Amino acid sequence: MNLLTQLTSVFRDTFQADPLLICSPGRVNLIGEHTDYNNGFVLPAAIDKAIYLAIGPRADKKLHFVANDLNQTYQGVLSNLLPTNTWADYLLGVVAQFKLAGYAIGGFNCVFGGTIPMGSGLSSSAALENAVGFALNELFDLNLDRIDLVRLSQRAENDFVGAKVGIMDMFASMMGKADNVIKLDCRSLDYTYAPLRMDGISIVLCDSRVKHSLVTSEYNTRRAECESGVRFLQTYYPEIESLRDVTTTMLDKHLRDTDPLIYRRCAYVVQENERLLSGVAALESGNVAAFGQLMYGSHEGLSNWYEVSCPELDLLVEIARQQPGVLGARMMGGGFGGCTINLVRENALDTFSEQVTKQYKAQTGKETYIHICKIQNGTNLVGEPLPIT
Ligand code: GAF
């Protein structure tokens, strides 16, 4: 039984009604890491790994959720939304934000599951938040636009779940367009779609299958380090608001010798923004090889200057770099585990998979999981519920 059919069937059996079905994808980011919360640019896209949600309204004010993959349930009421420190917070957080914003919503039932491997850094939480927001908008005829929904998802994650993430993940999942990357200005939220012109080249993810416990605390520390760099520089340049407004010259003049650690963090972000802009130009002119070199530069900065990589991710990039037909590779997302993103020539894919799998296992004892990505549309309704087979 395929996943949608299964979710529909669980929904019908549990709630004796037909659900609305939502598909909400995970994301990749080609370049521009840890730039979103510094008001910089990112270059993400929605992928063919998604959260699927079957949902329907209730006549009362109750909430009944089923996490199908985990075989767990949550039951509560709209009037009492408190964090549970479980998966339910991704749904409750969105509900809480809708209520806080004054949108009239009632109780609802939902069943969800997905194909995004958990802890792989492909944004399953943003995908789930978007799925819930999208569904509430439909169920209760709220007429919100997609950007409103993106902001509600981010606030759910920041204020209810307690992760101070930027806007990239929910934006990519909600706004994705098949075969296009999104060039997003995280300050203004201006965005453009750029068709992926990479004939004969695939986007390949290699999952390290590790998630180090540092991930949330170090993420918040990096944010704080960037903010402290900005505060220091504001004493010289009162007009700057974020690292987006800072140049390498400004950093070298005032920060390099004053605080070398903060300098390294800020320099990485400033350079990553520049890499992104050069990368967009390279892709526009069809120079994928130049883009690939920028990806290696991004990884080096993330590993040595921003210090958010880990031995497993460094190893995956190193192995990839030695394979024929690989144009670029780097760690992706917040870091400390999850996936690397690689650009690999189609005629080299088999050797790439074989070698990465073999060498990673030999050096770490761990299995990697390799996925060749397709770039898909963002969060949306899935046609009619499928017949139960
Ligand atoms: C995580 C966060 F959720 C994003 O907002 C972004 O900061 C990313 O790490 C790093 O680029 O995915």
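When a ligand or atom number is given, it counts from 1 through the structure's own listing order. Because the structure is predicted, anything quoted here is derived from the model rather than measured.
- Below 4.0 Å from some heavy atom of Met168 lie the following atoms of ligand 1, by number and element: 6 (C), 8 (C), 11 (O).
- Residue Tyr219 has at least one nitrogen or oxygen atom sitting less than 3.5 Å from a nitrogen or oxygen atom of ligand 1, judged on distance alone.
- Other residues, nucleotides and ligands contribute at most 12 non-hydrogen atoms within 6.0 Å of the CZ atom of Arg345.
- Contact detail for Phe336 and Arg222: the closest heavy-atom pair is CZ-NH2, 4.4 Å.
- Heavy-atom contacts from other residues, nucleotides or ligands closer than 6.0 Å to CZ of Arg151 number 12 or fewer.
- Between Gln234 and Ile240, the closest heavy-atom pair is NE2-O, 2.9 Å.
- Atoms of ligand 1 lying under 4.0 Å from any heavy atom of Val165, numbered from 1 in the order shown and given with element: 2 (C), 3 (F), 5 (O).
- Selection from His34, Arg222, Arg27, Met331 by nearest heavy atom to atom 11 (O) of ligand 1 gives His34.
- In this structure, the protein non-hydrogen atom closest to atom 1 (C) of ligand 1 is Asp169 OD2, 3.7 Å.
- Numbered from 1 in the order shown, with element, the atoms of ligand 1 that lie under 4.0 Å from a heavy atom of Glu33 read 10 (C), 11 (O).
- Classification of the His254-Tyr237 ring pair by plane angle, with boundaries at 30° and 60°, yields perpendicular.
- Residue Gly166 places at least one N or O, backbone or side chain, under 3.5 Å from an N or O of ligand 1.
- Phe41 carries Lys183 over the face of its six-membered ring, with the cationic atom under 6.0 Å from the centre and within 45° of the normal.
- Short contacts between ligand 1 and Tyr37, defined as distances under 4.0 Å to a heavy atom of the residue, involve ligand atoms 7 (O).
- Contact annotation: Lys164 has no heavy atom less than 4.0 Å from any atom of ligand 1.
- Atom 4 (C) of ligand 1 has Asp36 OD2, 3.3 Å as its closest protein atom, hydrogens excluded (heavy atom only).
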Can you list the steps and then say if Arg187 with Asp245 is a salt bridge (charged side-chain N to carboxylate O under 4.0 Å, His left out)?
CA-CA 11 Å; Arg187 171 177 279 160; Asp245 308 315; 2.9 Å; yes
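- Ligand 1 places these atoms under 4.0 Å from at least one heavy atom of Gly333: 9 (O), 10 (C).
- At most 12 heavy atoms of other shown residues, nucleotides or ligands fall within 6.0 angstrom of atom NZ in Lys62.
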